[in-house]
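Have a look at the structure below, then the notes.
Residue numbering restarts at 1 for every chain, and letters A, B, ... go by the order of the sequence lines.
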There are 2 protein chains.
Amino acid sequence: MRFRLSSLVNEFELIRTHFQRDPLDPSVVLGVGDDAAIVSQLSDYETVISVDSVVAGRHVPQICPPDGFAARLLGRGLSDLAAMGADPKYVLLSLTLPTFEPGWVDHFADRFHKLCVRFGLDLVGGDTSRGPLSAHITVIGHVPKGSAISRSGLRSGDDLWVFGSDLGGARAYLDVLDGLESNHEVWAERYWRPEPQLVAGLSLRGMASAMIDISDGLCQDLFHLLDNSVGSATVKLQSNLIPFCDDLVDRFGLEKALEYALTGGDDYCLLASIPPGLEVPGCGRRIGMVVKGESARILLDGKPLPSKWQLGWDHSR
Amino acid sequence: MRFRLSSLVNEFELIRTHFQRDPLDPSVVLGVGDDAAIVSQLSDYETVISVDSVVAGRHVPQICPPDGFAARLLGRGLSDLAAMGADPKYVLLSLTLPTFEPGWVDHFADRFHKLCVRFGLDLVGGDTSRGPLSAHITVIGHVPKGSAISRSGLRSGDDLWVFGSDLGGARAYLDVLDGLESNHEVWAERYWRPEPQLVAGLSLRGMASAMIDISDGLCQDLFHLLDNSVGSATVKLQSNLIPFCDDLVDRFGLEKALEYALTGGDDYCLLASIPPGLEVPGCGRRIGMVVKGESARILLDGKPLPSKWQLGWDHSR
């Protein structure tokens, strides 16, 4: 894979300086700088692949700090791998910039590479072009054959678990961006530095019957698990078990805090259905249980959800 | 890999109807519709990966026919695989649309899928969001271990070959778009339906010492081969051997035709350096030879290139 020539000022120099690195992993046969990248494959493993975008004005504000842009981009992609129980291996970056601002690109690339090193990712290719600010990444990981955790398999009798904390924090930060609330450090962290739950994901191989990452809101993503469940099922959630983000209940009251935690997107926690009696990793919180299907498919403290909560989070607001 | 929820009207329906298909290949363990796709790996093969973008207003006109958009997008990506001698296997699509226009998406998806079937590609994942019209694809192919053709290895004594015809046609079509020329069917074809040279690419495994696809202009891409050559080398091109696009010399005269053929981008032919005496596939044209390095690195009919030709094609014009 290559970065293509474009009219960005000094693009070859930009790529060499900012994006070309020695591979971390010997499986990278050929990295950035050719028509395509070449990676070697491990037998007995399957490849897991996801693509995600961050578009300014939609997934982040139009004027966006470069380090936050990089962290949200990689966080979104890696959260998908975490939700499959996959180990991250490679990433490809397609970056569209309105103008070439060396300082912005410098900070973006710096954060991007630091996160790559932290998560064991090799940047093996990309593309740059001029246009409205957006970035698209392809993340590639692997799992031992047959061990990936899909959205299918939730069954009545399972417990429902969340891995990762601070539900609703990213949603609350949108109120800060809109000038409706004063800033809160933890909310800003949730929004600008989503933490992909890779370790939890790996530890749930062979344990979770179904898993998804919470990116469109817990309720909306839970519906995806229910749509793919084994037999008709209903989930009973308990509000006192929800791992709210700091300060959410104090600042908004319980009802709005629940709405933010259960419908706000971008928390990038994992939501897993796990048969009872297993030794679940300590970072998880049991938030409810799955029972045989009833008329309402999600019950909160025994009552159906407000209907507007079922629509999921609209990233464009 | 999944397509994410967005505020596009009826996006889940759109994805189910337009983008979810039964896999062509049994190596696809899990396709569109989960957090990530899963594919199984062939031992003794290496994976070849490239990402490419098509941004409206930059790579195509702001108002763009959906079938041409799809064909240029896949053509760009597949041409990278062709340049490595790789077999296409999977594609992921990240699509950003300003509004949801069912007719546009319908035609885009229709052309996209037809081309996928034609080239043996499985669409295994994607992402949709709202924003300025652009699309980013990740193409994944494979090659028997060690048989990929990189940009490195051109050496003096090799011949220089082009695979694919109609050089300069896509550049000439830009003059049509600008209202400077009346339309010419072949130029429009070159621009809107670039033909990735996959068969030629495969047949050159074990034969080409170096290869690149011509996307930024023949001279510019030739410099990349020279930058990666074994020892210092100069290429001698012969203008009478250049496979011009139809009508180019008649309409513009030889000098401008040469400029368009040698510097215009987007032809997506292959440029390969091949040791003499080999039985080169019939679709190739020998356009010159590689000699020991001299002061000028590319000579056209014995003379150095005009200096402005060496800058390469600016896709943003």
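Within the 4.5 angstrom heavy-atom criterion, atoms from both the backbone and the side chain of B/Val48 approach chain A. With a threshold of 4.5 angstrom between heavy atoms, B/Val39 approaches chain A through its backbone and through its side chain. Using a 4.5 Å cut-off between heavy atoms, B/Ile140 contacts chain A through its side chain alone, with no backbone atom that close. Interface remark: B/Ser150 contributes backbone and side-chain atoms alike to the contact with chain A (heavy atom separation under 4.5 Å).
Contacts classified as side-chain hydrogen bond (donor to acceptor under 3.5 Å, both in side chains) and involving residues 139-149 of chain A (residues at least two apart or in different chains) are not found.
Listed by chain and residue number, A/Asp87, A/Arg205 satisfy the side-chain contact (heavy atoms from CB on, under 4.5 Å) test with A/Leu202 (two or more places apart in sequence, or in another chain).
Ion pair B/Arg297/B/Asp227 flagged as a salt bridge, since at least one NZ, NE, NH1 or NH2 atom sits closer than 4.0 Å to an Asp/Glu carboxylate oxygen.
For B/Arg76 (side chain) and B/Ser215 (main-chain N/O), no donor-acceptor pair under 3.5 Å exists by modelled atom type.
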